[in-house]
Asks: 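The following block contains the structure, expressed as structure tokens.
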Amino acid sequence: MSVVTRFPPSPTGYLHIGGARTALFNWLYTRKVGGRMVLRIEDTDLERSTEESVRAIFDGLEWLGLDYDDGPYFQTRRMERYGEVVSRLLNSGHAYHCYCSKEALDSMRAEQREKGLKPRYDGRCRDREPVPGASSPVVRFRNPLSGAVVIDDQIKGRIEIRNEELDDLVIARSDGVPTYNLTVVVDDMDMGITHVIRGDDHINNTPRQINILKALGAHLPVYAHVPMILGQDGKRMSKRHGAVAVTEYRNQGYLPRALLNYLVRLGWSHGDREMFSIEEMIDLFDIKDVHRSAAVFDPDKLLWVNYEYMKSASLDELRRFSEPFFSEAGIAIDQMDNWRDVLRANQERSKTLVELVQRSRFFYVPPDEFDEKAVRKHFKDPAREVLEAATGRFRALEDWHAASIHSVIHDIAEKMGMGLGKVAQPIRVALAGEPVSPPIDQTLSILGRQETLERLSGAIKFIEQQM
RNA sequence: GCUCCCUUCGUCUAGUGGUUAGGACGCUGGCCUCUCACGCCGGUAACAGGGGUUCGAAUCCCCUAGGGAGCGCCA
């Protein structure tokens, strides 16, 4: 039997880090075994579901490159089918109407809690005769009273829950809209899902779902509950832990492959290996090897992984991915004839695309001011003479190449009897506005003679004004 | 409170009865050096605790503690 997995986000927000990893694990496993992955939008919470969230989820998945083979299905379009199943359950005696008011249930739970018991429905409507005239009852599933449900979880191992611990859950609200536990079961059954790979916050739902599946005579899927991703404080990842939406990482200049690589190592490993291409992930990944314990999300390590990908990316990839950031900075990078040189010069010194753009900016946009600290440190005394000497020599230079520029700079340092730094730094500040740039000879050669001379002259004027 | 899940350096992890408990991120000392960054060499730091089993436990069993999740007419 071929494998069918599913990724069922509910569109109540963006695609977050935890969801992305669950999607990744599903995707990797599916690709590995040559199965099919279903995308299902669980939008039965009409209050909180939004179209915008649906788009954000599609967007996130697409950016990460996690595609699916079937769907997207929307649960709100399957209401008729859920209704069918509910009445089937009602007719077979696996479900019943419950007429309890919300208030009655609340006080029942409060009472149980007070007695130190687990709050749960006590089954008071279980054997009540149907009340024909009564208004809008809910439908509850008639859970078995004895026995136990055993889950042979692919990650957690064998889990056994006694049916006494479970209560009769609501499967249809008073307005007829089915609840989560019912829709999941129906969909998983109808869509032929063979493997349910989801967050371990669903472990507690699993025995209930299994009981419903059994009542429906359906095949039970294989379950694999992946542990949560925690924030730095050890609590479940949420907004207060900083960036949780995958699109935020896109905006911060991360490469999708880097995020994937980081995510796959959160809860899964292959010996001491850190870096995996997508192909290697598919090849090496197995759901059985996912760890049982939760993992803390570490932004520093993600940054490092991203940096590794930045360094190994091709210039074309780099341009493609950084293009939006450049254009935001007012630079049409792909129309610049020296973009390769600029990107190459900054590639291995940038941990993110945002940083790459920041570092590259001055090649295209002259600094509008000089960094104050840099001025104090590098524009002091011999700086003006250095810049003037450099101007003369650069103007006279026959060919404008890094090598010839390099020897000129060395020559100036030697003739003026000072270290290379005393020469390079003033020039650097004159060109970049700050004391940071790629190697000075390389920087000049990329910038071009004319632009270099102009900026040098601007810096000399600036120094004169300061005096 | 009850039920379920989890527990190796700060973090991600290797490890499946015998290891000086390894790697990576971070932090850090040094080297390199025209800045930034890279690179190289070195350092820091862990088996939650207690009982067993065993000649021998990070590895197997039990208990305790701690953490997480769930207990809805949310998903």
Side-chain angles (χ1 to χ4, degrees), chain A residues 8-12 42-45 47-49 75 98 100 102 105-106 109 112-121 136-140 151 153 155-157 159-162 164-167 169-175 177-181 183-184 199-207 225 227-228 230 232 234-236 262 265-275 291-305 307 311 346 348-351 355 359 374 378 406 409-410 413 419-425 427-429 432 434-441 443:
Chain A
S10 60
T12 54
E42 308 211 326
D43 54 354
T44 52
D45 184 350
E47 302 279 303
R48 297 193 301 148
S49 297
Q75 292 192 318
C98 167
C100 297
K102 242 173 165 156
L105 294 174
D106 282 347
R109 291 195 187 99
Q112 289 165 331
R113 220 174 261 272
E114 211 163 299
K115 284 188 199 154
L117 298 170
K118 183 200 261 191
R120 50 207 267 247
Y121 183 65
S136 53
V138 301
V139 178
R140 284 183 187 275
I151 309 165
D153 195 278
I155 294 171
K156 304 281 186 178
I159 301 171
E160 180 176 336
I161 292 100
R162 282 165 297 132
E164 294 98 274
E165 295 299 333
L166 274 21
D167 63 357
L169 71 161
V170 172
I171 55 175
R173 302 173 173 89
S174 47
D175 61 4
V177 177
T179 61
Y180 167 73
N181 280 298
T183 58
V184 184
D200 72 2
D201 48 336
H202 285 287
I203 287 186
N204 294 291
N205 287 320
T206 306
H225 286 96
M228 314 250 77
L230 274 21
Q232 241 90 12
K235 303 253 192 269
R236 188 184 180 148
Y262 175 72
R265 284 284 289 98
L266 223 47
W268 175 82
S269 62
H270 185 75
D272 280 342
R273 248 177 108 172
E274 296 286 352
M275 308 303 281
H291 305 156
R292 345 163 62 114
S293 55
V296 174
F297 187 84
D298 182 2
D300 287 332
K301 184 138 185 190
L302 203 212
L303 192 61
W304 173 78
V305 172
Y307 179 51
K311 282 192 288 190
N346 289 116
E348 69 167 23
R349 22 177 68 77
S350 308
K351 289 192 196 291
E355 196 184 340
R359 286 176 179 273
H378 302 297
H406 182 84
I409 292 175
H410 273 264
L420 213 48
K422 290 276 188 223
V423 178
Q425 285 306 81
I427 296 176
R428 197 180 323 261
V429 175
E434 53 176 18
V436 178
S437 88
I440 197 69
D441 47 1
T443 300

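Order of the sequence lines fixes the chain letters, A, B, ..., with proteins taken first and strands second; residue numbering starts at 1 for each chain. Here the structure is a predicted model, which is why all the values come from computation and not from measurement.
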Asks: Given C6(B), is OP1 or OP2 found less than 4.0 Å from the side-chain N or O atoms of R292(A)?
Replies: yes

Asks: Is T179(A) near enough to C73(B) that one of its side-chain N or O atoms lies under 4.0 angstrom from OP1 or OP2?
Replies: no

Asks: Take the protein atom CG of D300(A) and the nucleotide atom P of A24(B), then report the distance between them rounded to whole Å.
Replies: 17 Å

Asks: Rounding to the closest angstrom, what is the interatomic distance between G15(B) and G70(B) at atom C1'?
Replies: 32 Å

Asks: Output the rounded distance in Å from CD (Q232(A)) to P (C25(B)).
Replies: 17 Å

Asks: When we call it a touch if two heavy atoms are under 4.0 Å apart, what does G267(A) touch: a base, just sugar-phosphate, or nothing?
Replies: sugar-phosphate

Asks: Both distances under 3.5 Å, Watson-Crick or G-U wobble: report the partner of C74(B), or none.
Replies: none

Asks: Looking only at side chains, do R428(A) and Q425(A) share a donor and an acceptor under 3.5 Å apart?
Replies: yes

Asks: Could you tell me whether the side chain of Y180(A) reaches within less than 4.5 Å of the side chain of T44(A), counting heavy atoms only?
Replies: no

Asks: Could you tell me the separation between the OG1 atom of T206(A) and the NE2 atom of H225(A), rounded to the nearest 0.5 Å?
Replies: 3.0 Å

Asks: Would you say the base of C73(B) and the side-chain of S174(A) have a donor-acceptor pair closer than 3.5 Å?
Replies: yes

Asks: Roughly how far apart, to the nearest Å, are G68(B) and C31(B) at atom C1'?
Replies: 45 Å

Asks: For D441(A) and U33(B), give me the distance from atom CG to atom P, rounded to whole Å.
Replies: 15 Å

Asks: Hey, does the side-chain of R120(A) have a donor or acceptor N/O within less than 3.5 Å of a partner on the base of C2(B)?
Replies: no

Asks: What contact category does E348(A) fall into here, base, sugar-phosphate, or nothing, at under 4.0 angstrom with non-hydrogen atoms?
Replies: base

Asks: Using a heavy-atom cut-off of under 4.0 Å over every strand shown, decide if H202(A) touches base, sugar-phosphate, or nothing.
Replies: base

Asks: Quick one: is A75(B) close enough that its OP1 or OP2 comes under 4.0 Å of any side-chain N or O from R173(A)?
Replies: yes

Asks: What integer distance in Å separates R48(A):CZ from G72(B):P?
Replies: 16 Å

Asks: Nearest whole angstrom, please: distance from the P of C4(B) to the CZ of R162(A).
Replies: 6 Å

Asks: Both distances under 3.5 Å, Watson-Crick or G-U wobble: report the partner of A14(B), or none.
Replies: none

Asks: Rounded to the Å, how far apart are N204(A) CG and C4(B) C1'?
Replies: 5 Å

Asks: If the P atom of U53(B) is compared with that of C62(B), how far apart are they to the nearest Å?
Replies: 15 Å

Asks: For P438(A), report the nucleic acid contact type (base, sugar-phosphate, nothing); a contact means any heavy atom under 4.0 Å.
Replies: base

Asks: Are E164(A) and K118(A) within salt-bridge range, i.e. N to O under 4.0 Å?
Replies: no

Asks: Mind checking who A69(B) pairs with, Watson-Crick or G-U wobble, both distances under 3.5 Å?
Replies: U3(B)

Asks: If I take atom OH in residue Y262(A) and atom C1' in nucleotide G26(B), what distance separates them, rounded to the nearest angstrom?
Replies: 12 Å

Asks: Any side-chain N or O of K118(A) less than 4.0 Å from the OP1 or OP2 oxygen of G72(B)?
Replies: no

Asks: Please state whether the rings of H406(A) and H410(A) are parallel, tilted or perpendicular, taking 30° and 60° as the class boundaries.
Replies: tilted

Asks: Which residue lies toward the 5' end of RNA chain B, K115(A) or C98(A), if each is placed at its nearest nucleotide?
Replies: K115(A)

Asks: Which part of the nucleic acid, if any, lies within contact of V296(A), taking any heavy atom under 4.0 Å across all strands shown: a base, the sugar-phosphate backbone alone, or nothing?
Replies: sugar-phosphate

Asks: What is the nucleic acid contact for I440(A), judged by heavy atoms within less than 4.0 Å: base, sugar-phosphate only, or nothing?
Replies: base

Asks: Below 4.0 angstrom from OP1 or OP2 of A75(B), is there any side-chain N or O of T44(A)?
Replies: yes

Asks: May I ask you to evaluate whether H270(A) reaches the phosphate of U13(B), defined as a side-chain N or O under 4.0 Å from OP1 or OP2?
Replies: no

Asks: Scan E165(A) against the nucleic acid and name what it touches under 4.0 Å (heavy atoms): base, sugar-phosphate only, or nothing.
Replies: sugar-phosphate

Asks: Would you say the base of G1(B) and the side-chain of Q112(A) have a donor-acceptor pair closer than 3.5 Å?
Replies: no

Asks: Tell me which nucleotide among C71(B), A14(B), C36(B) gets nearest to the side chain of P119(A).
Replies: C71(B)

Asks: Whole-Å distance between A24(B) P and W268(A) CH2?
Replies: 18 Å

Asks: So Y121(A), base contact, sugar-phosphate only, or nothing? Heavy-atom distance under 4.0 Å.
Replies: nothing

Asks: Counting only N and O atoms by type, is there a donor-acceptor contact under 3.5 Å from the side chain of R359(A) to the main-chain atoms of P438(A)?
Replies: no

Asks: Answer whether the closest heavy-atom distance between the side chains of R48(A) and S10(A) falls below 4.5 Å.
Replies: no

Asks: By the 4.0 Å heavy-atom rule, please label L266(A) as base, sugar-phosphate, or nothing.
Replies: sugar-phosphate

Asks: If you look at every strand shown and take non-hydrogen atoms under 4.0 Å, does I159(A) touch a base, only sugar-phosphate, or nothing?
Replies: sugar-phosphate

Asks: What I want to check is whether an N or O donor and acceptor connect the side chain of D272(A) with the base of G22(B) at under 3.5 Å.
Replies: yes

Asks: Scan every strand shown for a Watson-Crick or G-U wobble partner of C32(B), both distances under 3.5 Å, and answer none if you come up empty.
Replies: none

Asks: Between E274(A) and P8(A), which is nearer to the 5' end of RNA chain B once each is assigned its nearest nucleotide?
Replies: E274(A)

Asks: Do E160(A) and I151(A) come close enough that some side-chain heavy atom pair is under 4.5 Å?
Replies: no

Asks: Are side-chain heavy atoms of Y262(A) and L266(A) found at a separation under 4.5 Å?
Replies: yes

Asks: Classify D43(A) by what it touches in the nucleic acid, base, sugar-phosphate, or nothing, heavy-atom distance under 4.0 Å.
Replies: nothing

Asks: Would one find a side-chain N or O of R109(A) under 4.0 angstrom from OP1 or OP2 of C2(B)?
Replies: no

Asks: What distance, rounded to whole Å, do you find between the two P atoms, one in C41(B) and one in A46(B)?
Replies: 24 Å

